[in-house]
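Remarks on the structure that follows.
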Number of protein chains: 2
Amino acid sequence: MPQTTDTARRITRVTSFDVAEEAGVSQSTVSRALAGDTSISEPTRQRVIAAAARLNYQVNENAARLRRGKTGTLAVVMICRAGQDRKDLNPFYFALLGSTCAAASARGYEVLVSFQDSAENFWGHYEERRKADGMIVIGTSENTPAWEYFGQLDPATNWVCWGAPSDAFPWVRSDNEAGAALAVRHMLVRGYERIVCLGSETSPQRQFKERYDGYASAMRDAGREPVLQRIERGLPREEQGRRAAAALAESGQPFDSIFAVSDEIALGALKELAGRGYGIPDQIGIVGFDGVRAGAWSTPPLTTIESDFETAGALLVERLLAAMAGEPETPRRVPVRLVVRGSTRP
Amino acid sequence: MPQTTDTARRITRVTSFDVAEEAGVSQSTVSRALAGDTSISEPTRQRVIAAAARLNYQVNENAARLRRGKTGTLAVVMICRAGQDRKDLNPFYFALLGSTCAAASARGYEVLVSFQDSAENFWGHYEERRKADGMIVIGTSENTPAWEYFGQLDPATNWVCWGAPSDAFPWVRSDNEAGAALAVRHMLVRGYERIVCLGSETSPQRQFKERYDGYASAMRDAGREPVLQRIERGLPREEQGRRAAAALAESGQPFDSIFAVSDEIALGALKELAGRGYGIPDQIGIVGFDGVRAGAWSTPPLTTIESDFETAGALLVERLLAAMAGEPETPRRVPVRLVVRGSTRP
DNA sequence: TTGTAAGCGTTATCAG
DNA sequence: CTGATAACGCTTACAA
């Protein structure tokens with residue numbers, strides 16, 4: 001019996017027609033009963049449900065979707081750095097993916113996930129292909145080609161994104177200004193007097209400007225003048241941090257603490273300053289921004305500002321569904337919190 | 001013009017019929033030309049492709065799938081601990097999810113992801129609903145109800161899993177024995193003489209037994225007698241590690257190093273022994289297994305055995321596709337590597 | 001090489 | 001409240 005094996009491995013194919021026969025009703029009644037249509041009498045519904053259970057019937061979603069014209073699915077595109085080891089992906093993105101899936105599922109949607117990193121695999125025609133009703137793009141602003149690609153999609157596309165480099169995108173984003181203010185106040189409370197910001201107000205990265213702005217106004221609120229030590233463009237973040245810290249140390253500018261607009265910059269600065277013999281956190285305090293994984297490994301581990309990824313996922317989904325429904329606005333700012341570790345003194 | 005806004009936000013609906021008209025051919029020719037059917041003449045194909053491009057045509061996948069009877073999709077179910085914060089999920093699982101998506105996409109499949117944690121949301125009828133052609137379940141063996149649920153699905157279901165507690169599941173797994181041997185040899189090389197295993201040979205966790213077995217035979221190969229310090233059942237892993245270490249210290253059994261069958265157990269032991277004044281790694285060396293995130297945070301950071309998650313994702317997909325094709329066997333063991341950190345001496 | 005026509009299994013619109 | 005009967009948009013025999 002050679003065929004038997006193959007047959008055994010096939011999932012049975014039961015249609016609504018079979019259920020109709022089993023329950024002694026019409027096919028459309030089956031559809032309505034199972035969909036919870038209120039016009040079906042309770043006895044009939046029960047009969048149908050029982051028949052469906054007996055036959056182990058499950059709706060063929062493809063047929064249903066074809067007919068309905070909706071997929072009940074959201075696409076999530078994870079943008080990676082080209083050629084980057086997946087393991088090095090910021091764990092925040094993974095957590096965000098998880099909470100996005102959870103939020104989608106809470107709203108009755110499935111999630112189709114794809115990882116994209118370069119021109120060969122950029123793809124966002126989920127709606128046109130009727131694979132999904134909308135799209136969420138999660139990625140680092142660094143991957144410029146990716147954002148160019150997604151920026152040029154049909155303007156009618158329903159989508160939201162995390163990590164977009166510019167305001168022209170339908171973004172959801174951390175509350176960067178509040179986070180920066182949190183960092184500044186923390187440093188002030190811990191007794192640091194001269195806080196310098198390592199960053200840029202002209203970076204294409206929207207976030208960086210927002211973080212600097214938050215820093216600057218928190219400083220002014222505290223009656224202090226903001227000081228910006230600019231990072232050089234076109235270098236790896238950690239290197240930017242190193243160099244900016246070196247430049248700061250050599251400038252003669254008095255400082256006793258650093259607020260860096262990203263964790264990687266903070267980590268670079270931390271290494272540079274520790275290498276120059278500064279005691280951290282006693283002599284110099286450092287606070288980063290992002291809650292990147294490596295921050296926990298450093299010596300001392302990095303105090304940082306972290307976004308609430310649970311809320312982030314929920315906001316992404318809410319905003320996308322609102323866009324799909326043609327509703328104009330929902331919140332796009334995700335709350336942040338301070339994670340105190342070892343790079344600021346107790 | 002109130003309606004206009006809504007219309008503008010709708011993705012255009014172009015069918016193969018429209019393309020056929022535009023190109024002056026029949027609908028089936030369009031389908032064949034776009035699918036790369038060799039029976040279509042090159043000029044015709046070009047005409048069709050041009051017409052499709054002009055109209056911005058994209059295949060409606062639902063219709064295609066309904067007709068074909070296949071979905072071109074794999075489902076990935078991530079099993080979480082019920083009520084556990086997603087952030088605390090072992091980052092290995094996220095990395096595994098990523099590499100699984102990549103491997104699936106390399107084989108031309110989409111990936112439908114869902115996070116499930118308790119009876120209310122366990123669900124595995126992807127094939128019956130024609131939502132996916134097969135399923136990959138990734139999860140911690142701890143979530144017993146989840147494995148019970150998935151174990152009771154239709155035996156014809158095409159699926160593979162990572163983290164299954166028993167051999168009865170279609171598993172793919174780390175090369176636990178090789179990993180344990182790696183750990184033992186590392187400790188021997190670093191000059192530890194009396195290596196005790198913290199674990200169990202009777203745990204429902206298949207992995208634990210395999211790791212113990214690997215430890216035991218590596219010890220015998222080195223002419224040493226294996227010593228097992230059993231963990232107590234039904235406690236949190238870290239607590240198991242603590243207690244086992246305490247019991248070991250008080251037993252009078254001579255030891256200078258510990259191989260724990262999981263990182264969390266190792267971490268518990270590390271804390272317990274450090275608390276009792278043992279110097280780590282000088283007096284006592286400790287090696288864990290899993291590459292768990294917290295291991296990098298501990299003082300000293302934990303030396304451990306890590307699985308190659310890139311290969312893991314690829315193997316999961318390979319094995320699933322083979323099962324779907326009715327082919328019997330593909331490799332199910334994922335290679336491991338030693339990550340030397342600070343809990344073993346240099 | 002291309003066209004015709006028959007479904008795939010639903011949901012939704014009409015009647016009754 | 002329920003039953004016929006059209007679509008939904010594609011792929012694939014079967015003809016030509």
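All values below were derived from every heavy atom in this structure, side-chain atoms included, with hydrogens, water molecules and symmetry-related copies excluded. Note that the structure is a prediction, hence the values are computed from the model and not measured. Proteins come first, then strands; the chains are lettered A, B, ... in the order of their sequence lines, and each starts at number 1.
The A:Val59 side chain lies nearest to C:dT10 when the options are D:dC10, C:dT10, D:dT2. With distances taken from any side-chain atom of B:Tyr57 to the nucleotides C:dT10, C:dT4, D:dC10, the minimum falls on D:dC10. When the nucleotides D:dG9, C:dT1, D:dT11 are ranked by their closest atom to the side chain of B:Ser39, C:dT1 comes out on top. Residue B:Arg32 has its side chain nearest to C:dG3 when only C:dT1, C:dA6, C:dG3 are considered.
To the nearest angstrom, C1' of D:dC1 lies 10 Å from CG of A:Asp37. In this structure, the CG atom of B:Asn62 is 13 Å from the P atom of C:dT11, given to the nearest Å. Separating the CD atom of A:Gln27 from the C1' atom of D:dA6 is a distance of 12 Å, rounded to the nearest angstrom. Across the protein-nucleic acid pair, B:Arg67 atom CZ and D:dA7 atom P stand 20 Å apart, rounded to whole Å. Between B:Ile40 atom CD1 and C:dG3 atom P the separation is 8 Å, expressed in whole Å. Look at CD on B:Gln58: it is 15 Å from C1' on D:dG9, rounded to the nearest Å. Rounded to whole Å, atom C1' of C:dT1 lies 12 Å from atom CZ of B:Arg45. Nucleotide C:dC8 holds its P atom 18 Å from the CG atom of B:Asn60, rounded to whole Å.
At the heavy-atom level, A:Thr15 lies under 4.0 Å from the strands shown only through sugar-phosphate atoms. When heavy atoms are screened at a 4.0 angstrom cut-off, B:Glu61 is found touching no nucleic acid atom at all. Counting any heavy atom pair closer than 4.0 Å across all strands shown, A:Arg65 reaches no nucleic acid atom. Across all strands, B:Ser41 comes closer than 4.0 Å only to sugar-phosphate atoms, never to a base (heavy-atom distances). When heavy atoms are screened at a 4.0 angstrom cut-off, B:Ser28 is found touching base atoms of the nucleic acid. Base contact: B:Leu66 has a heavy atom under 4.0 Å from a base atom. Backbone-only contact: B:Thr29 has heavy atoms under 4.0 Å from sugar-phosphate atoms and none from a base.
A residue-by-residue look at B:Thr38 and B:Ala63 shows that B:Thr38 has its nearest nucleotide of DNA chain C further toward the 5' end.
Of the inter-residue distances, the one linking A:Leu320 atom CG with A:Arg107 atom CZ reads 10.0 Å to the nearest 0.5 angstrom.
The residue from B:Arg129, B:Arg130, B:Lys131 that alone fulfils the side chain to side chain donor-acceptor pair (under 3.5 Å) condition with A:Gln58 is B:Arg129.
Contact check for A:Trp171 versus A:Trp162: no side-chain heavy atoms found under the 4.5 Å cut-off.
Under 4.0 Å is where a charged nitrogen must lie from a carboxylate oxygen, and between B:Arg65 and B:Asp133 no such pair does. Contact check on A:Arg173 versus A:Asp167 returns a salt bridge, with a Lys/Arg side-chain nitrogen under 4.0 Å from an Asp/Glu carboxylate oxygen.
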